[in-house]
K.L.:
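Below: one structure in structure tokens.
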2 protein chains.
Amino acid sequence: MFSAENCSIARTLQVVGERWSLLILREAFYGNRRFEQFQRRIGVARNLLASRLTTLVEHGILDRETYQEPGQRARQEYRLTDKGRDLYPILVALLDWGDRHVADPEGPAILLSHRECGAPVHAELRCDAGHGHLTARDVTGTPGPGARLLA
Amino acid sequence: MFSAENCSIARTLQVVGERWSLLILREAFYGNRRFEQFQRRIGVARNLLASRLTTLVEHGILDRETYQEPGQRARQEYRLTDKGRDLYPILVALLDWGDRHVADPEGPAILLSHRECGAPVHAELRCDAGHGHLTARDVTGTPGPGARLLA
DNA sequence: CCAGCTAAGTCCTGTAATGAAACTCAGCGT
DNA sequence: ACGCTGAGTTTCATTACAGGACTTAGCTGG
């Protein structure tokens, strides 16, 4: 397993870093909610899909809710919680990198835009003082209150 | 395997989505470059570490370079390429989510700050028109030039 | 010059995760 | 009563992972 070493990256990956989990969440952000939708669109094995959905529900990222279409029996569906919706920047960052570095020759398959103004949307590193378009070289890490020394 | 379905998220995950890969990259961003450093700090099995490093080099995310400390024989080290450094927003997004939703009670173990001004740094969704602090609800996806219909 | 040390791996073996297909289950429509 | 459908569960072969022992190449101290 991961040595969590009290690192938030490792802890996040313990929750959503299993194979398929981020693709399931991508489909959830695209509006899919039902087992068969996830299964058909992602192509994941059914037993793994069931296992991943359970894990995501247990972690409070998805909610299992009952719905009933007229003339159908009641079924379950999976909806993003607020905690789950907060994962969106991770998916956008993955999308941005993929579009830039491992893109399809045809171009991106999906474009994100701001619902209000229509402009393209990206995940950007910014500081609270308002400086934007930061890169890894502009950023420095310092130990925080939860830091623990390595043996 | 992943059904890539021409999705940049899936393609990115094929490159860095294997277990341990993002933790190796986290250590690379923290300035670590050598096999033993990665192994000790992450706790990954040596055979997997060797395998992951090879994969990341093949994908152009790390460069294997020879170095020689005085009085030591020449050894290899692994440095981030520009393509690898562009993965930073993904790690920052993972860090932000972890700090917010699965934090250690003591607080975050590491704080990121802007090297120039010292202010905290986060991954933020922004549109090209300058609207910031967007959430998943503010963003809409539309098919792009590389889009393919699902059967 | 030879044994020991070290970084950087490789090899081997048991355990765990994955993938594909078949099976179950409950209610609906006919 | 019978088959259909969505949502899983079971089974089993395949693959990946984890951990420890082993290897290799060049110092370095004796």
Side-chain angles (χ1 to χ4, degrees), chain A residues 1-5 10 13-25 27-28 31-59 62-79 150-151, chain B residues 1-5 10 13-25 27-28 31-59 62-79 150-151:
Chain A
M1 282 307 293
F2 298 136
S3 87
E5 314 168 6
L13 288 174
Q14 288 191 320
V15 177
V16 298
E18 286 181 300
R19 218 197 292 232
W20 302 110
S21 294
L22 285 167
L23 294 181
I24 292 168
L25 290 168
E27 293 304 323
N32 297 294
R33 293 176 177 163
R34 289 150 64 159
F35 190 93
E36 296 293 324
Q37 289 177 319
F38 291 121
Q39 205 279 317
R40 265 202 324 281
R41 295 181 53 91
I42 306 176
V44 54
R46 308 174 70 76
N47 53 349
L48 297 185
L49 176 56
S51 162
R52 293 296 184 274
L53 288 171
T54 300
T55 301
L56 292 171
V57 168
E58 282 170 359
H59 283 292
L62 297 177
D63 261 351
R64 211 188 300 258
E65 284 175 27
T66 302
Y67 73 98
Q68 182 152 22
E69 292 187 2
Q72 298 285 315
R73 73 188 166 113
R75 300 184 188 285
Q76 301 293 119
E77 65 179 9
Y78 299 88
R79 288 161 179 266
L150 270 188
Chain B
M1 283 305 292
F2 298 137
S3 87
E5 323 167 359
L13 288 173
Q14 288 191 321
V15 176
V16 299
E18 285 181 301
R19 220 198 291 234
W20 302 111
S21 294
L22 286 166
L23 294 180
I24 292 168
L25 290 168
E27 293 304 323
N32 297 294
R33 294 176 176 162
R34 289 150 64 158
F35 190 93
E36 295 293 324
Q37 289 177 318
F38 290 121
Q39 205 280 316
R40 266 201 324 280
R41 297 181 52 90
I42 306 178
V44 55
R46 309 175 69 77
N47 54 351
L48 296 185
L49 176 57
S51 162
R52 293 295 185 275
L53 288 171
T54 299
T55 300
L56 291 171
V57 169
E58 283 170 358
H59 282 292
L62 297 176
D63 262 351
R64 211 188 301 257
E65 283 175 27
T66 302
Y67 74 98
Q68 182 151 24
E69 290 187 3
Q72 298 286 314
R73 73 185 166 117
R75 301 185 188 283
Q76 301 293 118
E77 65 180 9
Y78 299 87
R79 289 161 178 266
L150 270 188

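Proteins get letters first, then strands, A, B, ... in listed order; numbering begins at 1 in each.
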K.L.:
CH2 of A:Trp20 versus C1' of C:dA20: gap in Å, rounded?
P.N.:
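Interatomic distance, CH2 of A:Trp20 to C1' of C:dA20: 12 Å.
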K.L.:
Write down the distance between CD (A:Gln76) and C1' (C:dC25), rounded to a whole number of angstrom.
P.N.:
14 Å
K.L.:
For the side chain of B:Asn47, starting at C-beta, report the closest nucleotide among C:dG9, C:dT18, D:dA18.
P.N.:
D:dA18
K.L.:
For A:Glu18, report the nucleic acid contact type (base, sugar-phosphate, nothing); a contact means any heavy atom under 4.0 Å.
P.N.:
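Nothing: the residue A:Glu18, judged by heavy atoms under 4.0 Å, touches no strand.
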K.L.:
Out of C:dG19, D:dA7, C:dG9, which has the shortest distance to the side chain of B:Phe35?
P.N.:
C:dG9
K.L.:
Can you tell me the distance, in whole Å, between the CD atom of A:Glu36 and the P atom of D:dC4?
P.N.:
16 Å
K.L.:
CZ of B:Arg19 versus P of D:dA16: gap in Å, rounded?
P.N.:
12 Å
K.L.:
Take atom CG of B:Leu53 and atom C1' of C:dT10, then tell me their distance rounded to the nearest Å.
P.N.:
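Answer to the nearest Å: 14 Å.
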K.L.:
Has B:Tyr78 got a side-chain N or O lying under 4.0 Å from the OP1 or OP2 atom of C:dA7?
P.N.:
no
K.L.:
I need the CD1-P distance between B:Ile24 and C:dA8, as an integer number of Å.
P.N.:
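Computing the B:Ile24:CD1 to C:dA8:P distance gives 14 Å.
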K.L.:
Within the 4.5 Å heavy-atom criterion, are B:Thr66 and B:Arg75 side-chain neighbours or not?
P.N.:
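Result no, sub-4.5 Å side-chain heavy-atom pair not found.
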K.L.:
Report yes if the side chains of A:Ile42 and A:Trp20 come closer than 4.5 Å at any heavy-atom pair, otherwise no.
P.N.:
yes
K.L.:
C:dA20 base to A:Arg46 side chain: any donor-acceptor pair below 3.5 Å?
P.N.:
no
K.L.:
Out of C:dT18, D:dA18, D:dG8, which nucleotide sits closest to the side chain of B:Leu48?
P.N.:
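So the side chain of B:Leu48 is nearest to D:dA18.
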K.L.:
Any side-chain heavy-atom pair from A:Leu13 and B:Leu22 closer than 4.5 angstrom?
P.N.:
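Contact flag for A:Leu13/B:Leu22 side chains = yes.
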K.L.:
Under the side-chain hydrogen bond (donor to acceptor under 3.5 Å, both in side chains) test against A:Tyr78, which residue among A:Arg64, A:Gln37, A:Arg33 passes?
P.N.:
A:Arg64
K.L.:
From D:dG8, D:dC17, D:dA21, pick the nucleotide closest to the side chain of B:Arg52?
P.N.:
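Given the options D:dG8, D:dC17, D:dA21, the side chain of B:Arg52 is closest to D:dC17.
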K.L.:
Rounding to a whole Å, what distance do you find between B:Glu77:CD and C:dG9:P?
P.N.:
12 Å
K.L.:
Heavy atoms only, 4.0 Å cut-off, all strands: where does A:Phe38 land among base, sugar-phosphate and nothing?
P.N.:
nothing
K.L.:
Report which part of the nucleic acid A:Gln39 touches: base, sugar-phosphate, or nothing (heavy-atom distance under 4.0 Å, all strands).
P.N.:
nothing
K.L.:
In whole Å, I'd like the distance from the CZ atom of B:Arg75 to the C1' atom of C:dT6.
P.N.:
6 Å
K.L.:
Side chains of B:Val16 and B:Leu25: closer than 4.5 Å at any heavy-atom pair?
P.N.:
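Yes - at least one pair of side-chain heavy atoms lies under 4.5 Å apart.
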